[in-house]
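Within every chain, numbering begins at 1; the chains are lettered A, B, ... in the order of the sequence lines, protein sequences first and strands thereafter.
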Amino acid sequence: MSDETTTTTPPADAPIEPAAGDAESLHHLEQQRRDNRDAVRALGVDPYGARTPGLMSLGDALSAYDQAADEANQASVAAQKQAKKDGAGEDDLPPIADDRPRVKVSGRVVLHRDNGKLVWINLRDDSAESFQVAVSKRDCEEIGFGVAKATDLGDVIAAEGPLMRTKTGEITVWAESVRPLSKCLVPPPEKRAGLSDVETRYRQRYVDLWATPDSMRVFKLRSRLIAAMRRFLDERGFIEVETPMLQTQAGGAAARPFLTHMNALDIDLSLRIAPELYLKRLLVGGMRKVYEINRNFRNEGLDKQHNPEFTVVELYEACGDMTSVCDITEDLIRALAGVAAEAQAIEGLTLPFGELNIDYGSPFERIRYAELFEREVGFPMTDTEKVRAKANELGLKTKDDRGNDFDDILVINEVFEAVAEPAIDPAKPTFVTHYPASLSPLTRPNPDDPTIADRADLFIGGMEVGPHYTELNDPDIQESKFREQLAGIDDEESTFRTFDADFIRALKVGMPPAGGMGLGIDRLVMLLCDQRTIRDVVLFPQMRPER
RNA sequence: GGGGGCGUAGCUCAGUCGGUAGAGCAGUGGACUUUUAAUCCAUUGGUCGGGGGUUCGAGUCCCUCCGCCCCUACCA
């Protein structure tokens, strides 16, 4: 294509053009970027860079600036200039003092201002949104200056030089050398507005992350929150484990699983819908406190609170109960709120979530199911006639698909979900405790009242964040509950309900009494990062394939 | 599943009553050694999501398909 490319390094990749079609079919913006890439090759450097030791993050480089050294340097430069003006000979000139820290940095080019003999470039990485590099024809070596001239927005480059402040006070690397690290052949988003088309943001997260600083901020905070969660649980003696994601029967929840097939054993497998039954087996095995942070998969609808794969922390504490795990959750979430507050430079533990200001600092509300029902609906849930009347008044479902009346408790729960649940103050994290036993088949009944299950659901910001249980550890009761669940449901549903005989066998071996909880981490991150949709806290949310 | 909205240059968007497509940024050429969304001069760039229809004429109206978003329904 061009003669000079034959002299560049490495020669092998110089003349390569895209596999699909000739240059004519390329978008002109991409062609111009390819031309700039050729210009870099013509300088004798590989536009795709190489190992670059000694790099500092942009954030670290910003804090490495030394004002005293910078001022001393400026003063000595001025002094020498003055001496020259006063006619001092070369030998009499005062020496230039330069103790300015020198840094080597790299980043994505987000701004590029070419002033002719002086090129200003702003870099971005995951530690700083903007870091300025000045490339002067006088002070930078020749190749580096050429690279700076041929740089496009979106390229990745490295620069090295002393740290100084410009006239306007911006900390800057006054580059002595510049090297390319990678070429951006795809025209980047608008430099100021960034990427705002949500579809492109989800499909091309690799652009979104560097072009949209908020996006990077959220995912960095997500990472910090999960790290803090591990630290919190590890400090309290919990053991982190990984249990099967591929299961012969997907148990531990009632949800539609994804199905697949294993060739070697010729068996059908499901992606797990919950780790619960395996974690309980570990309690049987003698782990006193276990947790797992991992993905669950549910083959159901997707909306702004549901992604088909979602991250959950599930935790079990031997010899604990619903209340003890609620306490752990409350302490954990308060600790995470502290991490989120610090990261967002917020004083205190009240964090914004859309219009809400959610108070994580005060003790979480705890209210019994029956109490909340009566408070919000106006009469006790035991008054089943009134409950049914209310359900009809609200137009709620009171019959199953075959036309049979729902059990009282199902109608009660319909009314509860329609009236009581929405009345929970979304700005106050709230545990709803003591659910009706028949709604929670895997939960141990309350010792004083067997119609009540020791289960508590945590609500924050109008979202269900996770359940807390006193776990059932009597194998005979568990077995009959499994059977009850399987009875009287239609064929389609029964496909997704399981009777896990090995789990019963494990309980027969003896599981200590236990408290267990599960938290939807994506939803928790939404709350703590003030993001209204799960797609903004999942790096690659599920999308329909592009065509 | 039902309802509503959106899709126009690489990006962010405007486009009136149906009259033959615009801006800013980016890009290209030129000037410029302390700029800050650099500035100044000149300038390229479009299958208006795809297909069909109505019309003398469609970005605009109708049908259909694709994709995304919101509401609603379903969902431990």
Seminar exercise, completed: Testing B:U44, B:U28, B:U34 for proximity to the side chain of A:Asp152, the answer is B:U28
Problem set entry | Under 3.5 Å on both distances, the Watson-Crick or G-U partner of B:G7 | B:C66
Exercise. Does the salt bridge (Lys or Arg N to Asp or Glu O under 4.0 Å) test come out yes or no for A:Arg455 and A:Glu471, once each step is laid out?
Worked result: CA-CA 9 Å; A:Arg455 164 183 167 182; A:Glu471 303 295 346; over 6 Å; no
Problem set entry | A:Arg298 side-chain proximity, nearest of B:A76, B:U34, B:C68 | B:A76
Exercise. Considering only side-chain heavy atoms of A:Glu170, which listed nucleotide, B:C11, B:U28, B:U35, is closest?
Worked result: B:U35
Seminar exercise, completed: Closest of B:G67, B:U34, B:U12 to the A:Arg203 side chain is B:G67
Problem set entry | Candidate nucleotides B:A26, B:C68, B:C13, ranked by approach to the side chain of A:Glu199 - the nearest | B:C68
Problem set entry | Set of residues satisfying side-chain hydrogen bond (donor to acceptor under 3.5 Å, both in side chains) with respect to A:Arg281, sequence neighbours excluded | A:Asp500, A:Asp502
Problem set entry | Which nucleotide in B:U28, B:U34, B:C25 has an atom nearest any side-chain atom of A:Gln32 | B:U28
Exercise. With both distances under 3.5 angstrom, what nucleotide forms a Watson-Crick or G-U wobble pair with B:G1?
Worked result: B:U72
Problem set entry | Closest to side chain of A:Leu195, choosing from B:G67, B:U44, B:U12 | B:U12
Exercise. When we call it a touch if two heavy atoms are under 4.0 Å apart, what does A:Arg532 touch: a base, just sugar-phosphate, or nothing?
Worked result: nothing
Exercise. Any idea which of B:C75, B:U34, B:G67 is nearest the A:Arg544 side chain?
Worked result: B:G67
For this session: Could you identify which residues of residues 106-118 of chain A place a heavy atom less than 4.0 Å from some atom of RNA chain B, listed by residue number, or say none?
Result: A:Leu111, A:Arg113, A:Asp114, A:Asn115, A:Gly116, A:Lys117, A:Leu118
Exercise. Between atom CD1 in A:Ile273 and atom P in B:A76, what is the gap in whole Å?
Worked result: 10 Å
For this session: Kindly compute the distance separating CD1 (A:Ile171) from CG (A:Asp70), expressed to the nearest 0.5 Å.
Result: 9.0 Å
Problem set entry | B:G45 - base-pair partner by Watson-Crick or wobble geometry, distances under 3.5 Å | none
Exercise. Atom CG of A:Leu410 and atom P of B:A76: how far apart are they, to the nearest Å?
Worked result: 11 Å
Exercise. Who does B:U39 pair with, Watson-Crick or G-U, both distances under 3.5 Å?
Worked result: B:A31
Problem set entry | Whole-Å distance separating the NZ atom of A:Lys304 from the P atom of B:A73 | 13 Å
For this session: To the nearest Å, give me how far apart CG (A:Asp536) and P (B:C68) are.
Result: 15 Å
Exercise. What's the spacing between A:Tyr469 OH and A:Asp457 CG if we round to 0.5 Å?
Worked result: 6.5 Å
Exercise. What do the steps show when you test A:Lys149 against A:Asp114 for salt bridge (Lys or Arg N to Asp or Glu O under 4.0 Å), and what is the final call?
Worked result: CA-CA 7 Å; A:Lys149 294 292 269 189; A:Asp114 188 339; 2.9 Å; yes
Seminar exercise, completed: Quick note, A:Arg138 side chain, CB onward, closest among B:U33, B:U35, B:C11 is B:U33
For this session: Hey, can you tell me if A:Phe416 and A:Tyr369 have their rings parallel, tilted or perpendicular (30° and 60° cut-offs)?
Result: parallel
Exercise. Is there a donor-acceptor pair closer than 3.5 Å between any side-chain N or O of A:Arg33 and the backbone N or O of A:Cys184?
Worked result: yes
